[in-house]
Amino acid sequence: MRSDVFETDGALLHHEVRGSGPALLMISGAGGDAGYYSGVAEELADAFTVITYDRRGNSRSTGRSAEPMDLAQQAADARALIESVAGGRALVFGNSAGAIIGLTLAASHPQVLTGLVAHEPPAVNVLPDGDPDRSFFDDMAALYAEGGGSAAGRRFAATTRGEGTYRWPDDLWKRFLGNQDHLFGTEWPGFAGFLPDEAALKAAPFPMVLGAGAADRGAYYARPSVEIARRIGVPWVEFPGIHMEFLRNPAIFAAALRVLATQMLSREGRVPEEWAR
């Protein structure tokens with residue numbers, strides 16, 4: 001694993017690179033930490049150049065601000081990272097808020113993607129009017145305003161299936177706790193207001209897949225993936241496990257992602273050299 005920092009638009013982004021082969025950029029959700037994907041990245045490094053990073057203002061990256069951060073900034077950071085570290089194009093995987101960023105990136109900077117896998121984007125605004133899950137972001141914002149980051153963080157974890165059934169690495173947990181105010185105070189409005197740009201996504205010149213975990217059927221953060229896939233006319237797939245199965249069981253999650261990524265990239269003729277010998 002090689003780690004470095006990359007400067008873009010007033011921030012230094014900590015990023016990690018593993019392996020060789022076609023570039024696979026993995027965008028983290030709430031907490032924005034590269035460490036969520038360490039296990040999966042190690043599993044996939046035999047065939048892909050796996051790039052993970054701490055999103056702006058999170059963990060080991062700089063750029064924290066008191067001003068709300070819009071999704072355009074998040075997407076611009078991912079684009080700049082692909083251009084600087086991945087040679088200009090990458091397959092992108094995003095989980096949760098990272099999937100929202102991935103969808104924004106695909107719509108606004110399609111030239112840097114070879115494909116997109118959006119895993120459980122909590123895009124509750126695509127749910128039907130009157131659906132109780134549409135209030136999730138507003139409810140969490142109110143809780144944060146009343147009780148601060150720790151209260152909002154506890155409630156957030158309680159809404160996420162499987163959390164508490166496994167142990168996070170100590171260093172990752174410590175960094176996440178330090179990111180809570182940035183998440184709820186700065187990043188939250190951008191995620192809360194997200195609606196996919198359906199026209200741009202339909203026109204995307206690369207394969208795209210939406211998906212959710214088998215254990216998350218019916219969850220507020222899983223249901224939107226089905227609706228977005230239907231609206232833009234792309235495949236939907238079921239992944240193993242829970243919302244963060246890549247952290248709980250990285251080998252199992254990596255096996256599923258390996259198959260999907262290989263199929264998506266081989267459609268563009270980007271078969272890793274390791275497989276062509």
inquiry  = Within the structure provided, determine whether His15 and Thr52 are in side-chain contact (heavy-atom separation under 4.5 Å).
reply    = no
query = Linking I/L/V/M/F/W/Y whenever their side-chain heavy atoms sit closer than 4.5 Å, directly or via other members, would Leu183 and Phe136 fall into one cluster?
reply = yes
Leu247 vs Pro169 side-chain heavy atoms within contact, under 4.5 Å = yes
request  = Flag the pair Trp188 / Tyr144 as yes when their ring centroid distance falls below 6.0 Å, and as no otherwise.
outcome  = no
key: Test item: Leu195 and Val126 side chains (from C-beta on) under 4.5 Å apart, heavy atoms   = yes
inquiry  = Run the salt bridge (charged side-chain N to carboxylate O under 4.0 Å, His left out) test on Asp33 and Arg60 for me, step by step, so that the C-alpha distance in whole Å, both residues' side-chain angles and the decisive distance to 0.1 Å come before the verdict.
reply    = CA-CA 8 Å; Asp33 196 289; Arg60 295 153 294 191; 3.4 Å; yes
Taking every non-hydrogen atom, the tightest pair across Ser135 and Pro132 = OG-O, 3.0 Å
ask   = Would you call Glu43 and Arg258 a salt bridge, using N to O less than 4.0 angstrom?
value = no
Distance in Å, Thr160 OG1 paired with Arg155 CZ, rounded so as to fall on 0.5 Å steps = 9.5 Å
ask   = Heavy atoms, side chains only, cut-off 4.5 Å: are Asp54 and Asn179 in contact?
value = no
inquiry  = So that I can tick it off, tell me whether Asp171 and Arg175 are bridged by a salt bridge, with the cut-off set at under 4.0 angstrom between side-chain N and carboxylate O.
reply    = yes
ask   = If you measure from CG on Leu260 to CZ on Phe239, what distance do you get to the nearest 0.5 Å?
value = 5.0 Å
ask   = Can you name the closest pair of heavy atoms from Ala30 and Phe176 and give their distance?
value = O-CE1, 3.9 Å
request  = May I ask you to test the His14-Asn58 pair for a side-chain heavy-atom distance under 4.5 Å?
outcome  = no
ask   = Atom CD of Glu163 and atom CE of Met244: how far apart are they, to the nearest 0.5 Å?
value = 5.5 Å
query = What pair of heavy atoms forms the shortest contact from His182 to Arg56, and how long is it?
reply = NE2-O, 3.0 Å
ask   = Going only through I, L, V, M, F, W and Y residues with side-chain contacts under 4.5 Å, is there a path from Phe246 to Trp168?
value = yes
query = What's the spacing between Leu177 CG and Ser150 OG if we round to 0.5 Å?
reply = 9.5 Å
message = Do Tyr36 and Asn95 make a side-chain contact, defined as non-hydrogen atoms from C-beta onward lying under 4.5 Å apart?
response = no
inquiry  = Hydrophobic clusters here meaning ILVMFWY residues chained together by side-chain heavy-atom distances under 4.5 Å, can you tell me if Phe253 and Met264 are in one?
reply    = yes
query = Is there a side-chain contact between Phe6 and Tyr53, using heavy atoms and a 4.5 Å cut-off?
reply = no
Please set out all donor-acceptor pairs under 3.5 angstrom arising from side-chain atoms of residues 96-110, sequence neighbours excluded.
residue: Ser96; atom: OG; partner: His243; partner atom: NE2; Å: 3.0
residue: Thr104; atom: OG1; partner: Ile100; partner atom: O; Å: 2.9
residue: Ser108; atom: OG; partner: Thr104; partner atom: O; Å: 2.7

inquiry  = Rounded to the nearest 0.5 Å, what separates atom OG1 in Thr186 from atom CD in Glu67?
reply    = 8.5 Å
ask   = Looking only at heavy atoms, what is the nearest atom pair of Ala47 and Pro22, with distance?
value = O-CD, 3.5 Å
task = Let me know which of Val92, Val234, Val209 forms a side chain to side chain contact (heavy atoms under 4.5 Å, CB included) with Leu116.
result = Val92
query = So which of Leu91, Val117, Val40 actually passes side chain to side chain contact (heavy atoms under 4.5 Å, CB included) with Met26?
reply = Val40
inquiry  = Between Arg134 and Leu127 (side chain of the first, backbone of the second, donor and acceptor by atom type, cut-off under 3.5 Å), is there such a pair?
reply    = yes
message = With clusters defined by side-chain heavy atoms of hydrophobic residues (ILVMFWY) lying less than 4.5 Å apart, directly or transitively, does Val50 cluster with Ile252?
response = no
task = Report whether Leu12 and Ile27 are members of the same hydrophobic cluster (ILVMFWY, side-chain heavy atoms less than 4.5 Å apart, transitive linking).
result = no
task = Would you name the heavy atoms of Gly218 and Arg161 that are closest together and state the gap between them?
result = C-NH2, 4.0 Å
inquiry  = Suppose we screen for side-chain hydrogen bond (donor to acceptor under 3.5 Å, both in side chains). Which residues come up paired with Arg231, at least two apart in sequence or across chains?
reply    = Glu198, Glu227
message = Testing Leu265, Thr114, Leu113 one by one against Phe206 for a side chain to side chain contact (heavy atoms under 4.5 Å, CB included), which residue passes?
response = Leu113
task = Please answer whether the main-chain N or O of Ala200 pairs with a side-chain N or O of Asp197 as donor and acceptor at a distance below 3.5 Å.
result = yes
key: Test of ring centre spacing under 6.0 Å for Phe48 and Phe93   = no
ask   = Hey, does Val124 have a side-chain heavy atom less than 4.5 Å from the side chain of Phe194?
value = no
